[in-house]
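Just so it is clear, the structure is predicted and the values come from calculations on it, not from any experiment.
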Amino acid sequence: MAKYLLIMRGTDESNAAMMAGIDEMIATTRQFIEEMAKAGVLLAAEGLDDPAQGVVVDFSGETPVVTDGPYGETKELFGGFFLLDVASKQEAVEWAKRVPTAPGAKIEIRRVPGSDEVPQAGA
C-alpha cells in the first residue's frame, strides 16, 4: 500500500459556488468520507479556513517576509486534503474522481514517500 495526498484546489469562483450550496456540500462530503473509511483507505481528511485568515512567509529575500492573506496572485487556493492509503496511483485517481466539489475546482494527487525513501543525513 502507498499513501497519496488528494489536495483540493479551488478558485475564487469554485469556492463561491461551493459556499452557495454549503449544506449539501457538507452532507455529500461526509458521505464520501464515510465511504472511504468503510473501504479502509482513509487516513486523514481536513478542510482549511478562509485564505483571508492565513499568512504567507516568503523566504525569497535576506530575511523572511510575512504577508497577510488573501493571496492576490494565487489562482488556485489549497482548500483541504484527503490522505489515503491505497494500492496504486490509479486507485487514488479513482477516489479523486469521486470527490464532491464545485465546477472549476481541481484535485492534485501526490504520493507521500515512506520514511525509507527520504534521504538520510550522511548517507
State, to 0.1 Å, how close Lys3 and Asp85 come at their nearest heavy-atom pair, and which atoms those are. N-OD1, 4.2 Å
From Ile109 atom CD1 to Gln90 atom CD, the distance as rounded to the nearest 0.5 Å: 8.5 Å
Residues Phe78 and Arg9: closest non-hydrogen pair is CB-NH1, 4.2 Å
Please tell me whether Leu83 and Phe32 are part of a single hydrophobic cluster in this structure, the criterion being side-chain heavy atoms less than 4.5 Å apart. no
More than 12 foreign heavy atoms under 6.0 Å from CD of Glu24: is that the case here? no
Val56 vs Val66 side-chain heavy atoms within contact, under 4.5 Å: no
If you draw a 6.0 Å radius around CZ in Arg30, do more than 12 non-hydrogen atoms from other residues or ligands fall strictly inside? no
To the nearest 0.5 Å, tell me how far Met8 CE sits from Ile107 CD1. 6.0 Å
Could you grab the distance from atom CG of Leu84 to atom CD of Glu91, nearest 0.5 Å is fine? 8.0 Å
Measure the shortest side-chain to side-chain distance between Phe82 and Leu43 over non-hydrogen atoms and say whether it is less than 4.5 angstrom. no
Could you tell me whether Met1 atom CE has more than 12 heavy atoms of other residues or ligands within 6.0 Å of it? yes
For the atom pair CZ (Phe81) and CD1 (Ile7), what is the distance rounded to the nearest 0.5 Å? 9.5 Å
Which pair of heavy atoms, one from Ala102 and one from Met18, lies closest together, and at what distance? CB-CG, 3.7 Å
Spacing of CZ belonging to Arg98 relative to CE belonging to Met36, to within rounding of 0.5 Å: 8.5 Å
Exam field: side chain Gln53 to backbone Asp49, donor-acceptor pair closer than 3.5 Å: no
What's the separation between atom CD1 in Ile22 and atom OG1 in Thr29, rounded to the nearest 0.5 Å? 7.5 Å
For Pro100 and Thr28, the nearest pair of non-hydrogen atoms, with its separation, is CB-CG2, 3.5 Å
May I ask you to decide whether Lys97 forms a salt bridge with Glu94, counting only side-chain N to carboxylate O separations under 4.0 Å? yes
Examine Val93 and Leu42 and state if one hydrophobic cluster contains both, with Ile, Leu, Val, Met, Phe, Trp and Tyr joined whenever side-chain heavy atoms are less than 4.5 Å apart. yes
Same cluster or not: are Val99 and Ile33 linked, directly or through other Ile, Leu, Val, Met, Phe, Trp or Tyr residues, by side-chain heavy atoms under 4.5 angstrom apart? yes
Distance-only, no hydrogens or angles: does the Ser14 side chain make a donor-acceptor pair with backbone N or O of Thr11 under 3.5 Å? yes
Look only at the side chain of Tyr4 and the backbone of Lys89, and say whether a donor-acceptor pair between them is shorter than 3.5 Å. yes
